[in-house]
Amino acid sequence: MGKDYRQIIADTYASILSQENLGKVPDYIPEIACIDENKFGVSFTDLNGFNFGVGDFEEKFSIQSISKIFALSFTYEKLGEELWKRVDVEPSGTAFNSLVQLEADHGIPRNPFINAGALVICDVLLENCKNPKDEILLYIRELTDDESADFNEKVAASEMQNSFRNAAMANYMKSFGNIRSQPDAVIELYCHLCSIEMSCRQLSKSLLYLANGGKLPGSNKHIISLNKARRINAILLTCGFYDESGEFSFLVGLPGKSGVGGGIIALYPEHYCIAVWSPKLNPKGNSYRGMKFLQEFTMQTRESIF
Ligand code: GLN
C-alpha cells in the first residue's frame, strides 16, 4: 500500500500552522523585506505527476538561492568536470555570504551553493553563453513545463543596490583570477537569478529530474547525466543549507536547498520532490517553518535517503 502523502502533508501543515512562527524576514533586500510573513505553502509532486499542495502553494515568491541549483546544473552539464577547478564541493560551515574562507582558499569557493560559489558559476555562465539570463530562464521553464517563471526586475535592482558583500566577494575572487568577467556583470547576473519568482507548485516540479537520474519524468529527456545528477544531489545534501547543512541532513535526511525568500526544496530520489515556503528565517538564514515542516514530514513518512 502506498503512503497517503496527501493526508500526511495536510496534517503536518496544520500542526506547524498551530505552532509559533518564529524567526525574521531578512531586511537586507528591501524589496523582499515587505512580504507578508505569515505566508505558508507546501507542494508535493511525484515522478508519476501526482501533485498535491496546501496553503499558499500557488503564489509566486522570490526563490533567491534556490536558483543556484539551476545555475549549477546548467553549467555543470555544459562544462563537465572542468568546473571543479573553479569551485570546490566541500561544506563551508559558514554563512551563505561569508568571506572568511576565500583568502585561505585562494579565491576558490568551498561549494557552488554559497554566494561566492554561485558568483563563480555566474562568471562561468557569462564566459560560455551568449545570453545567460535568457538561457537559464528557458531552462527553468522547460523543467517546469510552464512559461511563467520570470525575473522580478524590482527585486534584482533592489539587491544590486545592496550587494556590498557580494561585490566584495566578486572583486576579491577577481584578484585571484577566479572571476574573469567584470565583477559588475557577474553581480548583475547573480542578482537576476536570485530574483526569479516561482511558486511551490512549480518548484516541486522543477527538480523532479534530479530525483529521476537526470531525466524529465514525462518525456524521459536527459537534462543531465545520471552521474551528474547524483553529484548535484550529494552537494545539495552536504551544502544546501550553509552552516545548517548537517542539521538538515540529521533532521530531514534528504538533499535540499533553501533561499532567503523563505523557500526550501527537498527531494527523495526515485520518488518525489517537495517545496515549502514560509518567509520568516531562522538565525542561519533558512525558513523557520520550512525546516520544521520537513522535519515533521519525514518523521511521518519515515523516508529519507538513509
Ligand atoms: N540574494 C541573496 C544574497 O545574495 C541570496 C542568498 C540566499 O538566498 N541565501 O544574499
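All figures in this text were calculated on a predicted structure; none of them were measured in a lab. As the structure lists them, so they are numbered: ligands from 1, and atoms in each ligand from 1.
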Would you mind checking which non-hydrogen protein atom is closest to [atom], with the distance to 0.1 Å?
atom: atom 6 (C) of ligand 1; result: Ser65 OG, 3.1 Å
atom: atom 10 (O) of ligand 1; result: Tyr28 OH, 2.6 Å
atom: atom 3 (C) of ligand 1; result: Glu159 OE2, 3.1 Å
atom: atom 9 (N) of ligand 1; result: Tyr242 OH, 2.8 Å
atom: atom 4 (O) of ligand 1; result: Tyr190 OH, 2.6 Å

Q: Consider every N or O of Lys68 and every N or O of ligand 1, then say whether any pair is closer than 3.5 Å.
A: no
Q. Purely on distance, is any nitrogen or oxygen of Ser258 under 3.5 Å from one on ligand 1?
A. no
As an exercise, identify every atom of ligand 1 less than 4.0 angstrom from a heavy atom of [X].
X: Gln64; result: 1 (N), 2 (C), 5 (C), 8 (O)
X: Gly259; result: 8 (O)
X: Asn115; result: 3 (C), 4 (O), 6 (C), 10 (O)
X: Phe96; result: 6 (C), 9 (N), 10 (O)

(Q) Distance check, rounded to the nearest 0.5 Å: Ile121 atom CD1 versus Ser67 atom OG? (A) 11.5 Å
Q: Show your working on salt bridge (charged side-chain N to carboxylate O under 4.0 Å, His left out) between Arg86 and Asp123 and close with a plain yes or no.
A: CA-CA 10 Å; Arg86 299 195 46 195; Asp123 189 56; 2.7 Å; yes
Are a donor atom and an acceptor atom from the side chains of [X] and [Y] found within less than 3.5 Å of each other?
X: Glu303; Y: Tyr5; result: yes
X: Glu296; Y: Ser15; result: yes
X: Thr94; Y: Asp243; result: no
X: Tyr268; Y: Thr301; result: no
X: Ser258; Y: Glu244; result: no

Applying a 4.0 Å heavy-atom criterion (strictly less than), which segment of [X] is in contact with ligand 1: side chain, backbone, both, or neither?
X: Arg165; result: neither
X: Asn166; result: side chain
X: Val260; result: both
X: Cys194; result: side chain

**Q.** Lys/Arg N to Asp/Glu carboxylate O, Glu90 vs Arg110, below 4.0 Å
**A.** no
Q | Sub-4.0 Å heavy-atom contact, Asn97 with ligand 1 | A | no
Q: Decide whether a cation-pi geometry holds between Arg231 and Tyr76; the criteria are a distance under 6.0 Å from NZ or CZ to the six-membered ring centre and an angle within 45° of the ring axis.
A: no
Q) Taking the inter-plane angle between the rings of Tyr272 and Phe44 on a 0 to 90° scale, is it parallel (under 30°), tilted (30 to 60°) or perpendicular (over 60°)? A) tilted
